[in-house]
Amino acid sequence: MTIEIKTSTIQPIRNTFAHIERRFGDKPASRYQEASYDLAPTTNFHYRPLWDPERELNDPGRTAIDMEDWYAFRDPRQYYYGSYVQARAKLQEITESNYAFFIRRDLASRLPGAAREKIVRCLLPLRHLEMGANMNNVFGSAYGIGTVLTQAFLYNGMDRLGIAQYLSRIGLILDGNSGDTLKAAKTSWMEDPLWQDLRRYVEDVLAQKDWFEVFVAQDVVLDTLVYDIFYRQFDETMTDAGAGDLAMLIEFMQEWHKETSRWVDTVIKIAVAESDANREQIAAWVSDWKQQALAALGPLAAEAVGPDAINASAEVLNKRLAKAGL
Amino acid sequence: MSKVYMALQDNEEAHYLVEALEEDNPDVTVDYQPAMIRIENEDRLVLKRETVEEKMGRDWDLQSLHVNLVTIGGNVDETDDEFTLSWN
Amino acid sequence: MAARKLNLKERYSLLTRDLDWEYSYRDKKEIFPYEDFEGIKITDWSKWEDPFRLTMDAYWKYQAEKEKKLYAIFDAFAQNNGQQNVTDARYVNAIKVFLTGVSPLEYQAYSGYAHVGRQFSGVGARTACQMQSIDELRHVQTQVHAMSHYNKFFDGFQDFSHMHDRVWYLSVPKSFFDDARSAGPFEFMVAISFSFEYVLTNLLFVPFMSGAAYNGDMATVTFGFSAQSDEARHMTLGLEVIKFLLEQHPDNVPIVQRWIDKWFWRGTRLLAIVAMMMDYMLPNRVMSWKEAWEVYFEEAGGALFKDLARYGIEMPKYAATAIAEKDHISHQAWSIFYNYGHAAAFHTWMPGEKEMDWLSEKYPDTFDKFYRPRFEHWREKEQAGERFYNPTLPMLCNTCQIPMGFTEMDDPSLIAYRQSVYKGERYNFCSDGCKDIFDHEPEKYVQSWLPVHQIYQGNCGGADIEKVLSEYYRINMGRDNLDFHGSPDEARWNEWHNLQSAEDRLKKAG
């Protein structure tokens, strides 16, 4: 026997907002749709920005990329704020549990000395790279067009801050809250020859003005290489060196990267497929930044993992680019 | 003399916070409004984690105040143990 | 090795401040190009005090908790047809004003804070601004979701985004935030974080959210409470930013004072629509606008400016005018909207006898003398079947863009007109406050997209007003607009509650 609870029947007069209906048809809409489509102002701006008087407040002219409809960039994860924070909170809970376990069982003391040194020299300085990534993604959120894209940039930007904070906590676990590892990591970032070309790359990207180019240089090229070298290959290297417990502390980064890559892949694929002009422009950016990134990461990858590391990561990047039609 | 204030959502957790505030700030006024509790004091109001934990009977993270907070008035100082509002 | 304990401040510093570094391969000014042009001097960013020390893991955790609770209520509201439980359908027009007028401002705030969240060279400020950006995104999206259910049962919500960019009264909020976003990063912070999110915030939030609570709107009141704890963080950022700027260099003081004067005035004008909402659109009234102004500006603002006096900051210029206007502004605003009820995407109506008595009681010095006579006149016309709609278009103030319906405070029977001539053109204003703003930056305000001017220039379709409203504004004529009495909203409401309107009863009686 089934139980049906009858609530009073009152007929709705429409299924969703008019702009959603114009896009998707006269039917109930998802929360993602109502939160993400046609929210951004598009016309009749009152004053030109004092900080960019050649353009309007929301202006597609801030990138060389051209789209018929900027709302084509539907996020495959369908993140609006509510689903985003709930997804992150789930991951955070697991991560917190991992970190607490690592500390409770004093797994830091089990790390072989050489491995520990490598973590401090080759992993921890990434916390500064993540700060750069935070700034670059917030840049995309500020100047990009269409909520489907700009909200994803903001989530990415805040995620990078979170990752930078986890990397910092790894250091504090290793140095018993003295902060010495973080001091060392900053010194490496600022002075160690191994890191300088990468720091230069990050500063170069921070100085760019086209937000889609920034996206290509940071989220497509650099992140693919960095995450493959440090969160896949380096993870394996550490395991082989008897420091496999590190995996507990970098699982967040791995899960995050896997998930975010779905979004990055979608964006680049759609932008490339839109027009020859887009494809050519993106291909030019990719070629330029890829060359710089590989040069910058080469010695670092060799030191952290081994001589074949950089080529392995280049393979991964090339595969992704091919999937995107480049 | 200027009033500082804090308003909390009226739910179970907030009742413990109000108890703690009343204990640590003897002259405080507490006003129950629809769905909200408004707590006011002259110049300074302090919420102590230890007092809250004592009332609740369990560990309590001061930062989870964020979940129940409605609004505040005054300069904020936040440490691991105390959340203080004050005017100069 | 036993770990030493880090306190909250130290830990937070290592997890945020310390992530930043001194650039050496690119010039800092390439990466932060907008920090100098406003004349603000920052000598030492390390003096920035982090208002709230929330790391991302804590942010995700606590915000997710709030979202779970909030959406459970949205679901329950929808499942139980909660929209039937509001006091009466007239109330819903208050939240139509909210979705079309205020929610798009949350969106602008999200964009604006993302911009400053990237452009400040101080990492502490950047982090706080980024967190506010994502909070504001939360607000617009949860508001859209809260109103989504109302949109299915009432008219006037459906094209909120399209309307915000075009409709005459919505250019008031739109221009307000365009003004803030087009300003430099430091002015943006004084305009929004300080003046709006700190000084005036309760005058926006409390009326709408308490209004919702008093009128059975569970969705909006729940949204309101859920958003308020984010607002607490925003308020502390506002207070921190103002103190930081004032302490960094004495040269900043006059610049900041000028911004406080400007944004207090623009904010006060923006709030006129909230004043009218409180006094005229809530079947169960919370308090009068006058009372709200006295508590939330005169008392609370008093304590705040007393605190800031040590920096050489004074109460905003024209505060006295704003205080005098508290007795008038809501009645004048409602009169404007009553006049143009055919051109608005929400309903208007004349208050009933009991409601007029409440207004007389709350406004003993002004209501009966200046406003009751015209309202009684309009009511008579309505009863005679000649509900008044103004067939001409009003002159708008060039700065705040509100129709020129405000009066002189020393003679409230006189419309307040101010003018400036700039490069051979005449510009009109509703007040000294608005004129001052224009005179200080005329090159900016001559750009204003004034809806009435634009209609007359043929930029909003036409050629008649009917076409402008139905095609350019996308107002559903005879559904979204006109008087509440006789509207489809009213008819539906009566049907749900098995009520009969007076007209129907008459019809049924034969």
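Just the heavy atoms: all of them, side chains too, but no hydrogens, waters or symmetry mates, feed the values below. Below, read A as the first sequence line, B as the second, and so on, with proteins coming before strands; counting in each chain starts at 1. Just so you know, these numbers come straight off a predicted model, no measurement behind them.
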Determine, for Y47(A) and K444(C), whether the Lys NZ or Arg CZ falls below 6.0 Å from the six-membered ring centre while staying within 45 degrees of the axis. yes
Checking S178(A) against chain C: side chain, backbone, both or neither under 4.5 Å from a heavy atom? backbone
Proximal component of S103(C), with respect to chain A [non-hydrogen, under 4.5 Å]: neither
Return the option, out of F37(C), Y110(C), F157(C), with the maximum number of heavy-atom pairs under 4.5 Å with chain A. Y110(C)
What part of E10(C) gets within 4.5 angstrom of chain A, counting heavy atoms only: side chain, backbone, both, or neither? neither
Assess R23(A) against Y37(A): is NZ or CZ under 6.0 Å from the centre of the six-membered ring, and within 45 degrees of the ring's axis? no
Does any heavy atom of chain C fall under 4.5 Å from the side chain of M135(A), the backbone, both, or neither of them? both
Would R166(C) count as a cation-pi partner of Y472(C), with NZ or CZ less than 6.0 Å from the six-membered ring centre and within 45° of the ring normal? yes
Per-residue contact mode, T147(A) against chain C (heavy atom under 4.5 angstrom): both
Taken in chain and number order and not counting sequence neighbours, the residues that satisfy salt bridge (charged side-chain N to carboxylate O under 4.0 Å, His left out) with D159(A) are R88(A)
Given heavy-atom pairs under 4.5 angstrom as the criterion, report whether the side chain, backbone, both or neither of Y62(C) touches chain A. neither
Test the K209(A)-Y143(A) pair against the cation-pi criterion, namely NZ or CZ under 6.0 angstrom from the six-membered ring centroid and within 45° of the ring axis. no
In chain order, what residues pass the salt bridge (charged side-chain N to carboxylate O under 4.0 Å, His left out) check against D489(C), with sequence neighbours excluded? K96(C), R492(C)
Which bit of A40(A) is near chain C, if near means a heavy-atom gap under 4.5 Å: side chain, backbone, both or neither? both
Contact part of Y34(C) toward chain A, heavy-atom cut-off under 4.5 Å: side chain, backbone, both or neither? side chain
Which atoms of E65(C) come close to chain A, meaning under 4.5 Å heavy atom to heavy atom: side chain ones, backbone ones, both, or neither? neither
